[in-house]
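Chain letters run A, B, ... following the sequence lines, proteins first, then strands; residues in each count from 1.
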Amino acid sequence: MKWFWCLFFAFWPIVAIALCWVSPSLGWWFPSEAASPLGRRIDDLFYMILLITSVTFVGTQVALAYALFRGASDTEPEADAKKAWYSHGSHELEVIWSIVPAFVLLFIALYQLDVWAEYRVKDAFPRDKMEAVFESINQKRSETDSLALAEVTARQFEWRIRYPGFNEDGSLKPLMADPQPTDLYAVNDLHLPASAPVMINLRTMDVQHSFFLPDLRIKQDAVPGLVIPIWFEAERQQSYQLLCAELCGWGHYKMNARFVAESDEGFIEYLRQLEREQNEDRVDEVPETDAE
Amino acid sequence: MRTCLTLLLICAVSGCGSKPEFSHRDEYENLPPYAQAYVDEVLNTYFGTPTDMVVWDKLPLKLHTATGKVTTADNRSITLDINEPHAEISSGTELLLEAGEEAQQISAWIRSWDEESHTATLESALQSKPAEEQSVVVGPGQVLANGRHLYAEHCQHCHGVTGDGNGPTAPYLNPKPRDYRRGIFKFTTTQAPKRASREDLARVIEDGIPGTYMPSFKLLTEDESAALVEYVMWLSLRGELEYQLIRTLSDSYSNDAIKDRTSDGETSRNDIRDEFNAAVNEPDSFRYELDMMTTRLTQDWSSSQEEPAEVRPLTPRIPYSAESVAKGRVLYLNEKNKCLQCHGEAGYGDGSQTFSITKNELNQENPAPGLYDVWGNPIKPRNLHRGIYRGGRRPIDLYSRIYAGIKGTPMPAFSTTTLRKTDPDDPESAITDEDIWHLVNYILSVPFEEVKTGAGADSAKTAELATTPQEVDSH
Ligand SMILES: [Cu+2]
């Protein structure tokens, strides 16, 4: 029995390491590589934490196995009568295992600051790059206009999307906080330019939802009463999954939608398409020949 | 023990073991057993059960993956001339050859399909080479079967197995999920007496109905959405046939009617039953009525798919302008158009009819004051300030709502039978095409206006554009 427990606790760190080693090649690893630069940095944070916890886990298991091994291999006659050493209440040890994790946590807290700031703090948003996008999609705007290109409103159980419309001269209007007569609407289908940071405003009409782009590692709760800006950058022009990550009611699972990252021209063409559909009056474009 | 309990719980929750079954209308319960048996038999013969469906060729539906004719063929590969558009044909699909005059059918399975040349290579060689021009059905009933699967996955918990709008989630919803069994759909772009077109149903499935619990199913593929449309129409035809059949039978054979007929003591219940059984077997009695019903239903649905059934404005949309909005407001306030009575002077959906006693289809008074739809649920006229358009916000959508009404609801159709362009100074002239466009513009302007009740026609104007975005910092 002694040997069983010794082997048992030695077994787990070995399994853990072996599994971690082979799983990427077996396709058991986490979702495929992040599809955005920020996503990769978030992944890096994740792997760093994984590394710290793995080392801790493996270390404690090895220590445990070693302690058991020492006990099990003690063959001296009086071994059975030996008493264990109780560390409970040891001031020194308590201090060590309070301070070491505290430093580790402090390190993580400091280390992730700039990633978090870039993702969440408005002043750290990559504003210049966003403005370059406005330029290339020809959006006419002033300094104070919203950086968002779309407003995404979560609702039980779908995503309703509002885009700004076009000016007479063909340029794109900025997104206004309140709905405008020229706005364009879509549902469960978010299209935005790829290869540059773009921003949306997130809201909810009813309960709390969460805007989740797993491939881009973007997850943000939509909170009643708040308009929350989120930016993201999809590197490839393709379609990504958009999910709700907050259990928002019985139909939560229905809230899966599509995020399509497009070229700048493709994005404008998409908005034009929405505009055409939205202005459908089912009258063929024949000039009126109806004299008085 | 624990696992047993868990399994039991899972069974109780998911209802495993119980097969889905079509339910009956309430009126069915008021028929004697022999009439019920007849209704069951008819529905079973022509529609089957949810797990064993029947493809009834008479219905105006596209229930096969594709249909067409053989152009050239040898024993192993067949080139087809098929009707477009067709659903995707994959390997393993059944191919049904309607061989010869005896209408003998030969089944074969497709190994591979070449979409470009429309050529099917078969799993195994046919005994004889199919003749040219021979009719072929690809994937018989496959669309119906796909529709049923998708419906069970996505729709059934709201709309119910039968399409009675009474699935397990329905009690918690307002408005209630649509009961398809009357063949009535609200948000159509077809003329007032017509049914919904396939495009209308597909649009509702794709975009959902904003402001209600009907969600958007945008991510379904075209084939999936088309299969769902056919399945919804199939349920709707089944439901309506049941409805009409029971109504016809109820005239003389409902329990109430039988009580009436036997009250004089001359006819006995047994006489009535014998009379019923005789009528069942007589070709020009129930059979004939059933044929008539089916023909009528088929015609209604198929004519609704054709172009003349569409709502088509005569004039293009009148551009949105303050002037047009003002005209629209005058029309809205015009007593003759009655918009006020329901939607209220300021458009908050609080007009006088929402307080009055109203009657239902059968001319009985509704249980409480206010408006009701044909399914017997209370209904509120829309608050136009919300800017939510359940039937869609395209000009043609709103035009259709006013022109053809919202079917199944008190919102009436305002089309004159033939639209004309009228004399604006003649107060007697009926509502015209342009008038409807002005009303559409007015309706689109309401969410942006700030009109107080009773302010009259002059204060209608569009809102100024907001200039400062209001974002809330999230940190
Ligand atoms: Cu949600």
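Taking all atoms of both residues into account, the shortest heavy-atom contact from B:Pro313 to A:Val283 is O-CG2, 3.6 Å. Contact between A:Asn188 and B:Lys218 at its shortest, heavy atoms only, is CB-CB, 3.7 Å.
Atom CD of B:Glu323 has 12 or fewer heavy atoms from other residues, nucleotides or ligands within 6.0 Å. A 6.0 Å sphere centred on CD of B:Glu88 holds no more than 12 heavy atoms belonging to other residues, nucleotides or ligands. In this structure, A:Arg272 places its CZ atom where more than 12 heavy-atom neighbours from other residues, nucleotides or ligands lie under 6.0 Å away. By the 6.0 Å contact criterion, CD on B:Glu222 is open, its count of non-hydrogen atoms from other residues, nucleotides or ligands being 12 or less. Other residues, nucleotides and ligands contribute more than 12 heavy atoms inside 6.0 Å of the OH atom of A:Tyr253. Within 6.0 Å of CD in A:Gln238 there are more than 12 heavy atoms belonging to other residues, nucleotides or ligands.
A search for salt bridge (Lys or Arg N to Asp or Glu O under 4.0 Å) contacts involving A:Glu277 returns nothing, not counting sequence neighbours. Judged as a ring-ring contact (aromatic ring centres under 6.0 Å, His included), and not counting sequence neighbours, the contacts of B:Phe185 are B:Tyr180.
Between the CG atom in A:Asn279 and the CZ atom in B:Arg393 there is a gap of 11.0 Å [rounded to 0.5 Å]. The CZ atom of B:Phe217 sits 9.5 Å away from the CD atom of A:Glu158 when rounded to the nearest 0.5 Å.
For A:Gln278, the parts lying near chain B are the backbone and the side chain together; criterion is any non-hydrogen pair under 4.5 Å. Heavy atoms closer than 4.5 Å to chain B are found nowhere in A:Trp159, neither backbone nor side chain. With a threshold of 4.5 angstrom between heavy atoms, A:Ala186 does not approach chain B through any atom at all. Heavy atoms closer than 4.5 Å to chain A are found in the side chain of B:Leu219, but not in its backbone.
A:Asp281 places no side-chain N or O within 3.5 Å of a backbone atom of B:Ile396 that could act as its donor or acceptor partner.
Judged purely by distance below 3.5 Å, without hydrogens or angles, the side chains of A:Arg282 and B:Thr189 pair a donor atom with an acceptor atom.
Note on ring orientation: taking the six-membered ring where Trp is involved, the planes of A:Trp250 and B:Tyr213 are tilted (angle from 30° to 60°).
Your options are A:Arg160, A:Met255, A:Arg258, and the one with the most heavy-atom pairs under 4.5 Å with chain B is A:Arg160.
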